[in-house]
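One structure is given below, encoded as structure tokens.
Hydrogens, waters and symmetry mates are skipped; everything else that's a heavy atom, side chains included, is used.
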Amino acid sequence: PHALVDGAPLRRPPSARAGVGCHGRRTGGRVRRVTARTGAPADDPGARTDVVTASERATTSLRDAVYARLRGEILDGRVDPRDRPTAPTLGRPIGVSRTPAREARARLPSDGRVERTDFGYAVVVPSLAELRDLDELRATLELRGIDRVIENPGLRHDTDVLRAELARWVELRAAPPRPDPGFVLLDEQFHTALSRAAGNERITEALVEVNEKVRAVRRYNFVEDERVRSTVDEHGRILELVLADRLPEARTALHHHVG
């Protein structure tokens, strides 16, 4: 079956299904890889071995797509931590077979989202102490973005990034969205844009990583109308203050916002 990625089927190209790559020749039912430079078969001692066929690219693309989709499912809290993430249970909701799901699951421990235990794989759930530490780190990274511009007169925020983000929140202020756990993604987008506009990409990367680790918990912050409305208002106000170069006030507002 075709893999479903973001709700759409991921199709292998015809060359991949037929077993013939863009640099391959069919000989007696087999595909022999050839090089771009000489056209020599791959088993030629003088041939290059760094040419990747269309079939290999399609396989890699499928693996990466399944991994990204499963990672997103876990980050967004759609995989119950009480369940054991077996290949069939991971692959079934996104329409892929066991093999790509198993390969994707094997990659997940490398970024700390899944761990291997004596009883199989398990989704990593931060403890309360870890969540407190992550919240503190998140606030520190957020404030540091504004602090570095306050402290260095030679630095300026990227106003193009801020204006584009403000336009989004002005629209949301006019028509507030309904409460939904998925609102957390819009919230993260605001904080990422504000951090990136301050100019230190490493701080922004660290902030994105922290947000991913707490997303499954924070998504439930946005299930009430009042919380969504206040978030929209506060985001707009912070952006307006930064664009007006009222950075101390913006820092105070941001500190209040992130707690």
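In this structure, Arg218 pairs ionically with Asp187, as a charged nitrogen and a carboxylate oxygen lie closer than 4.0 Å. Between Arg132 and Glu136 there is no salt bridge, since no side-chain N of the basic residue sits under 4.0 Å from a carboxylate O of the acidic one. Using a 4.0 Å cut-off between charged nitrogen and carboxylate oxygen, Glu240 and Arg173 count as a salt-bridge pair. Using a cutoff of 4.0 Å between basic side-chain nitrogens and carboxylate oxygens, Arg202 and Glu205 are scored as salt-bridged. A salt bridge links Glu151 with Arg144: the closest approach of a Lys/Arg side-chain nitrogen to an acidic carboxylate oxygen falls below 4.0 angstrom. Under a 4.0 Å N-O distance rule, the pair Arg69/Asp64 does not qualify as a salt bridge.
Put simply, Phe222 and Val210 are part of two different groups of oily side chains (I, L, V, M, F, W, Y) that touch within less than 4.5 Å, one to the next. In the hydrophobic clustering of ILVMFWY residues, with side-chain heavy atoms under 4.5 Å counting as a link, Leu186 and Val208 come out apart. Placement of Leu141 and Leu143 in two distinct hydrophobic clusters is found when ILVMFWY residues are connected by side-chain heavy-atom separations under 4.5 Å, directly or transitively. Leu185 is connected to Val258 through a chain of hydrophobic side-chain contacts under 4.5 Å among Ile, Leu, Val, Met, Phe, Trp and Tyr, so both are in one cluster. At a threshold of 4.5 Å between side-chain heavy atoms, the hydrophobic network of Ile, Leu, Val, Met, Phe, Trp and Tyr places Val170 and Val232 in one connected group.
Atom CD of Glu165 sits about 11.0 Å away from atom CG of Leu243, to the nearest 0.5 Å. Between the CD atom of Glu142 and the CD1 atom of Ile238 there is a distance of 8.5 Å, given to the nearest 0.5 Å. The CG atom of Asp135 sits 13.0 Å away from the NZ atom of Lys213 when rounded to the nearest 0.5 Å. Expressed to the nearest 0.5 Å, how far CD1 of Ile146 lies from CG of Leu194 amounts to 5.5 Å. Atom CD1 of Ile150 and atom CZ of Arg148 lie 12.0 Å apart (nearest 0.5 Å). Note that OG1 of Thr159 is 11.5 Å distant from CG of Leu166, once rounded to the nearest 0.5 Å.
Heavy atoms only, all atoms of each residue included: Pro177 and Val228 are closest at O-CG1, 3.7 Å. Minimum heavy-atom separation, Val66 to Pro100: CG1-O, 3.8 Å. Of all non-hydrogen atoms in Ala198 and Gly145, the two that sit nearest each other are CB-O, 3.2 Å.
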Chi angles and distances behind the side-chain contact (heavy atoms from CB on, under 4.5 Å) call for His157, Leu247: CA-CA 10 Å; His157 281 89; Leu247 297 186; 4.0 Å; yes

Worked check of side-chain contact (heavy atoms from CB on, under 4.5 Å) between Thr99 and Glu103: CA-CA 6 Å; Thr99 299; Glu103 292 172 344; 3.8 Å; yes

Intermediate values then yes/no, side-chain contact (heavy atoms from CB on, under 4.5 Å), Phe183 and Thr231: CA-CA 10 Å; Phe183 184 82; Thr231 297; 3.8 Å; yes

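The aromatic rings of His191 and His257 sit parallel, their planes meeting at an angle under 30°, below the 60° perpendicular limit. The aromatic rings of His235 and Phe190 sit parallel to each other, their planes meeting at less than 30°, with 60° as the upper class boundary.
A donor-acceptor pair is defined here as one N or O able to donate and one able to accept, closer than 3.5 Å; no such pair exists between the side chain of Arg196 and the backbone of Thr204. Under the 3.5 Å distance criterion, the side-chain polar atoms of Ser195 are left unmatched by any main-chain donor or acceptor of Thr192.
Heavy-atom contacts from other residues, nucleotides or ligands closer than 6.0 Å to CD of Glu130 number more than 12.
For Val161, the side-chain contact (heavy atoms from CB on, under 4.5 Å) partners two or more places apart in sequence, or in a different chain, are Asp158, Ala193, Ala197. Residues forming a salt bridge (charged side-chain N to carboxylate O under 4.0 Å, His left out) with Arg229 (at least two apart in sequence, or on another chain): Glu226.
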